[in-house]
Amino acid sequence: MKAHVNGIELSYHIYGRGEPLVLLHGNGQSHGAMKRQIDFFRKEYQVIAVDSRGHGKSELGFRPLDFQVMALDILCLLDFLKIDRYRIIGYSDGGIIALEMAMYQPKRQVQMVVIGTNYDTSQIKWWANIFTFVGYLFSILLTPFSFFFRRVKAQMGLMIFHPHIKEGDLARISAPMLAVIGEYDVISKADTRNMVNLVQRGKMTVIHHGTHFLIRQKTRELHQVIVSFFDEDVT
């Protein structure tokens, strides 16, 4: 399904019934990357799986790609679907979008789970940034010859130049937030701990032997942690 929101055609899929649960994928992916999460959570929730702007079957548009505009895309989609309150799971870049959504409209989120998520571009380990930068340079060279590489350039640029969320802005996030990180993630545990301390109601879980790819590598443990968090009293 597609909706015309915030100046683009945004692709989304809805699975199951119940309370709304938004799923947001990582950089360079589509909603299909979270198939295991869709299949698991659709049993209890109305899962709204979105291809974020410039990813999957969603349009890139002509505005510079950044997390603020991507967050507005999802909020506009929820308006389109007439969904007021929602839970959200954001993986990697999807987690950054979830943070931005919570800062725009703090009272709208019921609970938020972010997986392998940073709030500043400096928090990605240097060796991971090297591969991103090489891909960005390669896409610059090929952009004039292919629209595909225009999208790749925008996606790589998103990782290199964004986000830059101010710590004072994180303090506006009032919904309970769970940050999940792998023991060997490209995001440091110290930065993740700082993030959960900055929001109003944050907690953190480190998955033993986990990497940045928890949504596929440690699926069962990840789902157990999220279910336990969703079962907590949010009043």
Side-chain angles (χ1 to χ4, degrees), residues 2-12 22-31 33-34 48-80 86 88-106 108-109 112 114-124 128-129 131-140 143 147-173 177 179 186-187 191-192 195 198-199 212:
K2 290 191 176 183
H4 186 79
V5 296
N6 205 22
I8 64 165
E9 289 288 332
L10 198 70
S11 179
Y12 69 98
V22 179
L23 293 187
L24 299 178
H25 59 80
N27 192 291
Q29 299 178 335
S30 71
H31 75 282
M34 302 190 76
I48 303 146
V50 187
D51 289 353
S52 58
R53 178 184 288 249
H55 292 73
K57 294 184 179 179
S58 290
E59 292 179 343
L60 175 60
F62 295 97
R63 300 170 63 175
L65 193 62
D66 62 48
F67 291 110
Q68 290 84 7
V69 72
M70 296 167 85
L72 286 174
D73 292 340
I74 310 302
L75 290 171
C76 289
L77 175 65
L78 294 176
D79 290 340
F80 172 80
Y86 64 93
I88 189 166
I89 300 173
Y91 166 60
S92 194
D93 279 17
I96 303 172
I97 297 171
L99 293 174
E100 294 282 0
M101 292 170 65
M103 291 186 292
Y104 274 125
Q105 298 178 350
R108 200 168 181 180
Q109 280 190 5
M112 168 171 50
V114 296
I115 305 163
T117 296
N118 58 305
Y119 63 91
D120 191 90
T121 187
S122 64
Q123 294 164 350
I124 299 177
N129 262 332
F131 293 104
T132 304
F133 192 72
V134 170
Y136 181 69
L137 293 178
F138 184 70
S139 64
I140 288 176
T143 291
F147 178 77
F148 169 80
F149 286 102
R150 177 173 172 255
R151 287 169 64 102
V152 172
K153 177 189 173 185
Q155 293 167 5
M156 295 294 100
L158 196 63
M159 285 197 288
I160 294 172
F161 303 114
H162 303 277
H164 295 289
I165 298 174
K166 296 179 181 179
E167 294 187 347
D169 291 336
L170 286 172
R172 303 207 311 267
I173 298 178
M177 184 188 83
V186 296
I187 313 297
D191 288 324
T192 303
M195 178 174 67
L198 288 166
V199 302
H212 189 64

Chemist: So which atom in Gly116 and which in Ile187 form the shortest heavy-atom distance, rounded to 0.1 Å?
Modeler: O-CG1, 3.8 Å

Chemist: Please collect all salt bridge (Lys or Arg N to Asp or Glu O under 4.0 Å) contacts where either partner lies in residues 49-75, sequence neighbours excluded, each pair once.
Modeler: Arg53-Asp73

Chemist: To the nearest 0.5 angstrom, please state how far the CE atom of Met195 sits from the CG atom of Asp120.
Modeler: 12.0 Å

Chemist: Do Ile115 and Ile89 touch side chain to side chain, with heavy atoms closer than 4.5 Å?
Modeler: yes

Chemist: On a heavy-atom basis, which atom in Val69 and which in Pro64 lie closest, and how many Å separate them?
Modeler: CG1-O, 4.0 Å

Chemist: Tell me, please, which residues at least two apart from Ala3 pass side-chain contact (heavy atoms from CB on, under 4.5 Å).
Modeler: Val5, Tyr12, Leu77, Phe80

Chemist: About how many Å separate OH of Tyr119 and CG of Leu198, when rounded to the nearest 0.5 Å?
Modeler: 5.5 Å

Chemist: With sequence neighbours excluded, tell me which residues meet side-chain hydrogen bond (donor to acceptor under 3.5 Å, both in side chains) with Gln109.
Modeler: Tyr86

Chemist: Using the rule given for side chain to side chain contact (heavy atoms under 4.5 Å, CB included), can you reason through Ile96 versus Leu158, listing the C-alpha separation, both sets of side-chain angles and the distance that settles it, and then say yes or no?
Modeler: CA-CA 11 Å; Ile96 303 172; Leu158 196 63; over 6 Å; no

Chemist: Would you call the rings of His25 and His55 parallel, tilted or perpendicular, where under 30° means parallel and over 60° means perpendicular?
Modeler: tilted

Chemist: Just jot down the side-chain contact (heavy atoms from CB on, under 4.5 Å) partners of Val186, sequence neighbours excluded, or say none.
Modeler: Trp127, Ala128, His212

Chemist: Take Met101 and Leu24, measure what side chain to side chain contact (heavy atoms under 4.5 Å, CB included) needs, and give me the verdict at the end.
Modeler: CA-CA 12 Å; Met101 292 170 65; Leu24 299 178; 4.2 Å; yes

Chemist: In Å, rounded to the nearest 0.5 Å, how long is the span from CG of Leu170 to CE of Met177?
Modeler: 7.5 Å

Chemist: Can you list every pair that meets salt bridge (Lys or Arg N to Asp or Glu O under 4.0 Å) and has a residue in residues 149-169, with sequence neighbours left out?
Modeler: Asp169-Arg172

Chemist: Tell me whether Phe62 at atom CZ has more than 12 heavy atoms from other residues, nucleotides or ligands lying less than 6.0 Å away.
Modeler: no

Chemist: Whether the side chain of Ser139 engages the backbone of Phe149 through a donor-acceptor N/O pair (distance < 3.5 Å, no angle test) should be reported.
Modeler: no

Chemist: Shortest non-hydrogen contact from Pro163 to Asn118?
Modeler: CD-ND2, 3.6 Å

Chemist: Under a 3.5 Å distance rule, please check whether Gln68 uses its side chain to pair with a backbone N or O of Glu100 as donor and acceptor.
Modeler: no

Chemist: To the nearest 0.5 Å, what is the distance between NE2 (His162) and CG (Asn27)?
Modeler: 11.5 Å

Chemist: Within a strict 4.5 Å, meaning less than it, do heavy atoms of the Met70 and Asp93 side chains meet?
Modeler: no

Chemist: Tell me every residue that passes ring pair (Phe, Tyr, Trp, His ring centres under 6.0 Å) with Phe161, counting only those two or more places apart in sequence or in another chain.
Modeler: Tyr136

Chemist: Should Thr121 and His164 count as side-chain neighbours, where that means a heavy-atom distance under 4.5 Å?
Modeler: yes

Chemist: What are the two closest heavy atoms between Ile88 and Ala98, and how far apart are they?
Modeler: CD1-CB, 3.8 Å

Chemist: Ser92 and Gly26: which non-hydrogen atoms are nearest, and at how many Å?
Modeler: CB-CA, 4.2 Å

Chemist: Do you know which two heavy atoms are closest between Cys76 and Asn6, and how far apart they sit?
Modeler: SG-CB, 4.3 Å

Chemist: Run the side chain to side chain contact (heavy atoms under 4.5 Å, CB included) test on Leu99 and Met112 for me, step by step, so that the C-alpha distance in whole Å, both residues' side-chain angles and the decisive distance to 0.1 Å come before the verdict.
Modeler: CA-CA 8 Å; Leu99 293 174; Met112 168 171 50; 3.9 Å; yes

